[in-house]
Amino acid sequence: MTNDVLAIFQTAGVFHLTPGIILMWLVGGTLIYLAIAKQYEPLLLLPIGFGILLANLPLAGLMEPEEGLLWRFYHYGIQWEIIPPLIFLGLGALTDFGPLLAKPVLIFLGAGAQAGVYLTFFAATALGFDLKEAATMGIIGGADGPTTIFLAAKLAPHMLGSCAVAAYSYMALVPIIQPPIMRLLTTSQERTIRMKKGRKVSQLEKIIFPIVATLVIILLVPAAAPLISMFMLGNLFREAKVVERLTNAAQNELLNIVTIFLGLPVGATMNAETFLQPRVLFIFFFGLFAFIVSTATGILLAKLMNLARREKINPLLGAAGVSAVPMAARVVHKVGSQYDKKNYLLMFAMGPNVAGVIGTVIAAGIFLTLLG
């Protein structure tokens, strides 16, 4: 009888619960609640939250190296650089570069908004984090979840889950975080600046752009190739108008499937041993700092550009330079319309918004080149 009781104790997970495990259940449950009740990035936070629950089930072995189901998802999908590029393939198929091509000057706002990434990198380094950890926290400021996951998996795997949750949380909180910064850094007069309609972009330009952009960016930053190549291929599918089946598959079935296989293993990296550390709080702090600085520098760059331009840019567009597509662009339009209901900024904001996606990928490529 004693041996039977001992066997039950050794094989039943309920007898191996710890306060840390229960706390992680609460973390996972909170993400699930936010995804369902508040609809904060539900496509990612829901599977991430459930992945956290699964990773913190004693003796389940779902993240056991070589054998665990979720470990296989993580190893072959994320460590082997398969899932994040496939996400970018779908995003490219959903992206319209027309607003950016119509007003190429807006690309500078997407580039300027990346300042938060680099400033956070130096700030985290100054506070004692190693270079790879600092780069991983800095990239959160780009508000690009797949890029954050891609970089974290290479430079700081132990921070993957925390950085991913921080990135997607701040993406979901764009409508809360950005408007106060936008109002603080702009005047009422600046918020009512009306942008002149851009030129009409031909289909040929839209076809040539992803090809040229792929060649130029990868020649300059080869480490960005996995994400940029798939992003531009998806966009080429969209603009070629001859592969509707591939475009629809990339936008829908493929994107939905890889989203599932991205969220679960990312959440599964957040076990109690790695997540319940004081340094994790710094990840969320520096992520928020990076996001705020990126928003602010985009706005300030637009104001600086206006000093030398006859045709003024609405500074609110600078806030769309973070790559939270299309959330940041919608927030810019909403804030602008509060001061002028006839001021339609959405399409203009999509220019720096998609430029921010490219800028964040380039930043990740630079970090990989220097630190990888």
Side-chain angles (χ1 to χ4, degrees), residues 24 27-28 30-31 34-35 40-41 43-45 47-49 51-52 55 63 70 73-74 77-79 81 83-84 87-88 114 116-125 127-174 177 226-227 259 262-294 322-324 357 360-361 363-368 371-372:
M24 291 307 300
V27 172
T30 299
L31 294 184
L34 293 175
Y40 288 169
E41 291 293 332
L43 293 179
L44 260 301
L45 291 190
I48 287 176
I52 293 173
M63 278 297 283
L70 296 185
F73 292 168
Y74 171 74
I78 297 176
Q79 286 187 323
E81 301 178 15
I83 293 178
I87 292 283
F88 265 77
Q114 305 310 309
V117 173
Y118 300 107
L119 289 176
T120 301
F121 168 74
F122 290 114
T125 302
L127 289 180
F129 288 89
D130 67 40
L131 297 178
K132 293 182 178 182
E133 291 177 335
T136 303
M137 287 187 285
I139 207 68
I140 298 173
D144 187 335
T147 303
T148 300
I149 292 169
F150 178 79
L151 187 65
K154 283 179 164 292
L155 296 186
H158 59 288
M159 297 170 57
L160 175 61
S162 304
C163 288
V165 171
Y168 282 108
S169 297
Y170 295 139
M171 286 172 62
L173 294 173
V174 164
I177 298 173
L227 299 185
T259 297
L262 177 71
L264 276 173
V266 165
T269 63
M270 298 172 61
N271 57 54
E273 290 76 14
T274 59
F275 186 80
L276 298 179
Q277 302 288 336
R279 293 167 70 88
V280 171
L281 295 177
F282 282 96
I283 295 175
F284 286 88
F285 169 76
F286 277 116
L288 179 61
F289 174 77
F291 187 72
I292 290 173
V293 173
S294 293
V322 298
S323 54
V357 176
T360 302
V361 173
I366 292 172
F367 284 139
L368 283 176
L371 307 174

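As a basis for the values below, the full set of heavy atoms in this structure was taken, side chains included, without hydrogen atoms, waters or symmetry mates.
- Judged by distance alone, with hydrogens and angles left aside, the side-chain atoms of T274 form a donor-acceptor pair with the main-chain N or O of T269 at under 3.5 Å.
- Y170 has its side chain within reach of L288: a pair of non-hydrogen atoms, C-beta onward, lies under 4.5 Å apart.
- Contact record, I283 with S162: CD1-CB, 3.7 Å, taken as the closest heavy-atom pair.
- Heavy atoms only, all atoms of each residue included: G116 and S294 are closest at CA-OG, 3.3 Å.
- In this structure, the ring-ring contact (aromatic ring centres under 6.0 Å, His included) partners of Y118, at least two apart in sequence or on a different chain, are F367.
- Between Q114 atom CD and L119 atom CG the span is 11.5 Å, to the nearest 0.5 Å.
- Scanning both residues, M137 and A124, for their nearest heavy atoms gives CE-CB, 3.8 Å.
- Considering all non-hydrogen atoms of both residues, L44 and G263 come closest at CD1-CA, 4.0 Å.
- Screening I149, L151, T148 for a side chain to side chain contact (heavy atoms under 4.5 Å, CB included) with L160, the sole residue that qualifies is I149.
- In this structure, F285 and F282 have perpendicular ring planes: the angle between them is above 60°, well past the 30° mark.
- Taking each heavy atom of T125 and A134 in turn, the nearest pair found is OG1-CB, 3.4 Å.
- Side-chain contact between F286 and L127 is present, with at least one heavy-atom pair separated by less than 4.5 Å.
- Between M159 and R279, the closest side-chain pair of non-hydrogen atoms is not below 4.5 Å.
- Rounding to the nearest 0.5 angstrom, the gap separating the CG atom in L264 from the OG1 atom in T259 is 11.0 Å.
- Note that the CG atom of L262 and the CD1 atom of I48 stand 7.0 Å from one another [nearest 0.5 Å].
- Between atom CG of residue L45 and atom OG1 of residue T30 there is a gap of 11.0 Å, rounded to the nearest 0.5 Å.
- Residues F291 and V322 meet the side-chain proximity criterion, which asks for heavy atoms closer than 4.5 Å.
- Contact annotation: the side chain of F121 approaches that of L371 to within less than 4.5 Å [non-hydrogen atoms, C-beta and beyond].
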Side chain to side chain contact (heavy atoms under 4.5 Å, CB included), that's the test. Do K154 and L368 meet it? Break it down for me. CA-CA 8 Å; K154 283 179 164 292; L368 283 176; 3.4 Å; yes
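- Taking every heavy atom of both residues into account, N271 and A55 meet most closely at CB-O, 4.4 Å.
- Looking only at distances, no side-chain donor or acceptor of Y40 sits under 3.5 Å from a matching main-chain atom of Y168.
- By the 4.5 Å heavy-atom criterion applied to side chains, M270 and V165 are counted as neighbours.
- Between the CD atom of E41 and the OG atom of S169 there is a distance of 9.0 Å, given to the nearest 0.5 Å.
- Residues meeting the ring-ring contact (aromatic ring centres under 6.0 Å, His included) test with F73, sequence neighbours left out: F261.
- A 4.5 Å side-chain heavy-atom check between P157 and Y74 finds at least one atom pair inside the cut-off.
- In terms of the side-chain contact (heavy atoms from CB on, under 4.5 Å) criterion, residue partners of T147 (sequence neighbours excluded) are, by chain and number, F88, I139, D144, L227, T360, V361, A364.
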